[in-house]
Amino acid sequence: MRIIDLSTAVDASKWEPETVTHAITSPAEGAVHMAEEMAANFGLEISPSDLRDGELLSIDTLSLTTHTGTHIDAPSHYGSRCTYGDGRPRNIDELPLDWFYGPGVVLDISAAESVADQAFLERELKRIEYTVQPGDIVLLYTGASQFAGSMLYFTNFVGLEATATNFLLDQGVRVIGTDAFSLDAPFGDMIGRFHESADNSVLFPAHFVGRDREYCQIERLDNLDDLPPHGFTVACFPVKIAGAGAGWTRAVAILDEKVAR
């Protein structure tokens, strides 16, 4: 078995539209903090010098959004209401875990112009000789991961058009992933086309499909070019954040030795 990491790191040293901060409390500072907390909260006396090397444990404190790094968007991310079920879209902690473990397929949409439509996906599936099955996790290769950590990552990629999103959902897909910043086209592209056409259907079409049909997106994947078109398993369980519209994931692909060769 071979495991391929499909995740991008949460890295405060890289450029993000929403600033990420990462403060590190050293093991020595952790010892002082613990001693102060024990005295203040429990009336217990202990000195940092009582600990081996005068150190306890390090602590990392981060400030970031749930859309930093590789993450999964829940239905509640797409809007406050939906047209299915009871009208309330589910949060990330409410979704069934079996959605996030299943057969994977990679579709190369890097040659599409701005957005890939249903016809583009059908041609790609014909090229790789694959028929999408219910429960498949479909991953879209755009080539955008080469720009991760720079401003280009947020402007240079290919999105998914509404017809393509609906096509995949029609096949029983519940989770669609991309190596790009967003499953939709870059903001500048969408807004430019909106001003030209005055048609608001060009604005966030892939995301807004989720207001009518329940599904999840994985955004900001990596290493999709290391995968075969199909014949592998994806594991991408989201962090369980109560009431959240997204959750981080350490997404991986699991390949059988025969496939890996």
Side-chain angles (χ1 to χ4, degrees), residues 8 15-19 64-85 87-92 95 107-124 138-145 147-148 150-171 173-221 224 238 244-247:
T8 54
W15 191 87
E16 290 276 347
E18 302 290 341
T19 301
L64 72 167
T65 78
T66 53
H67 302 274
T68 304
T70 306
H71 64 277
I72 296 177
D73 289 340
S76 61
H77 173 59
Y78 312 136
S80 61
R81 297 185 299 277
C82 60
T83 61
Y84 57 83
R88 185 189 73 85
R90 290 194 284 183
N91 296 311
I92 199 68
L95 297 169
L107 302 182
D108 186 343
I109 64 169
S110 59
E113 198 161 328
S114 122
V115 289
D117 59 12
Q118 177 178 342
F120 192 101
L121 296 193
E122 290 177 325
R123 289 194 299 272
E124 176 63 3
V138 176
L139 310 178
L140 305 175
Y141 172 78
T142 75
S145 60
F147 303 120
S150 73
M151 293 185 72
L152 288 175
Y153 186 61
F154 303 94
T155 58
N156 290 30
F157 57 88
V158 176
L160 202 62
E161 202 259 0
T163 60
T165 309
N166 278 306
F167 167 70
L168 292 176
L169 301 186
D170 287 343
Q171 315 313 308
V173 172
R174 289 291 195 181
V175 178
I176 304 171
T178 178
D179 61 0
F181 171 67
S182 173
L183 193 60
D184 279 302
F187 295 149
D189 176 82
M190 288 189 294
I191 294 171
R193 286 187 286 123
F194 169 66
H195 286 312
E196 289 176 3
S197 65
D199 178 5
N200 67 1
S201 69
V202 304
L203 298 174
F204 305 98
H207 280 78
F208 288 173
V209 164
R211 295 183 177 182
D212 299 313
R213 308 183 69 176
E214 189 177 46
Y215 86 103
C216 290
Q217 303 173 5
I218 316 173
E219 293 174 327
R220 305 179 67 164
L221 290 163
L224 297 188

Derivation and outcome, side chain to side chain contact (heavy atoms under 4.5 Å, CB included), residues Phe167 and Phe120: CA-CA 11 Å; Phe167 167 70; Phe120 192 101; over 6 Å; no
Could you tell me the separation between the [atom1] atom of [X] and the [atom2] atom of [Y], rounded to the nearest 0.5 Å?
X      : Y      : atom1 : atom2 : value
Thr155 : Asp189 : OG1   : CG    : 11.0 Å
Met190 : Asn200 : CE    : CG    : 12.0 Å
Ser201 : Arg193 : OG    : CZ    : 9.0 Å
Leu107 : Glu122 : CG    : CD    : 11.5 Å
Ile176 : Ile218 : CD1   : CD1   : 10.0 Å
Ile92  : Thr66  : CD1   : OG1   : 8.5 Å

Do you know the tightest heavy-atom contact between [X] and [Y]?
X      : Y      : result
Ser80  : Pro89  : O-CD, 3.5 Å
Ala74  : Asn91  : CB-C, 3.8 Å
Ala185 : Ser114 : CB-O, 3.8 Å
Ser110 : Val158 : O-CG2, 4.0 Å

Would you check if the side chain of [X] reaches a backbone N or O of [Y] as a donor-acceptor pair within less than 3.5 Å?
X      : Y      : result
Thr165 : Glu161 : yes
Thr70  : Thr8   : yes
Thr163 : Asp117 : no
Asp184 : His207 : yes
Gln171 : Val173 : no
Asp179 : Gly143 : yes

What pairs with [X] under ring pair (Phe, Tyr, Trp, His ring centres under 6.0 Å), at least two apart in sequence or on another chain?
X      : answer
Phe157 : none
Tyr215 : Tyr78
Phe147 : none

Chi angles and distances behind the side chain to side chain contact (heavy atoms under 4.5 Å, CB included) call for Thr65, Thr68
CA-CA 6 Å; Thr65 78; Thr68 304; 3.4 Å; yes
Exactly one candidate in Glu219, His67, Gln217 meets side chain to side chain contact (heavy atoms under 4.5 Å, CB included) with Ser182; the answer is Glu219
Original post:
Under the side chain to side chain contact (heavy atoms under 4.5 Å, CB included) criterion, do Leu140 and Leu183 qualify, and how do the steps go?
Top reply: CA-CA 9 Å; Leu140 305 175; Leu183 193 60; 3.7 Å; yes
For the residue pair Phe204 and Phe208, categorise the inter-ring angle as parallel (less than 30°), tilted (30 to 60°) or perpendicular (more than 60°).
tilted
Taking Glu16 first and then Arg220, would you say they form a salt bridge - that is, a charged N and a carboxylate O separated by under 4.0 Å? yes
Applied to residues 202-214, the salt bridge (Lys or Arg N to Asp or Glu O under 4.0 Å) test, sequence neighbours excluded, yields Arg90-Glu214, Asp170-Arg213
Sorted by chain and residue number, the side-chain hydrogen bond (donor to acceptor under 3.5 Å, both in side chains) partners of Thr178 (sequence neighbours excluded) come out as none
With sequence neighbours left out, the residues meeting side-chain hydrogen bond (donor to acceptor under 3.5 Å, both in side chains) with Tyr153 are none
Item checked: Min side-chain heavy-atom separation Tyr84-Pro75 under 4.5 Å -> yes
Pairwise side-chain contact, Cys216 with Leu95, heavy-atom cut-off 4.5 Å (strictly under): yes
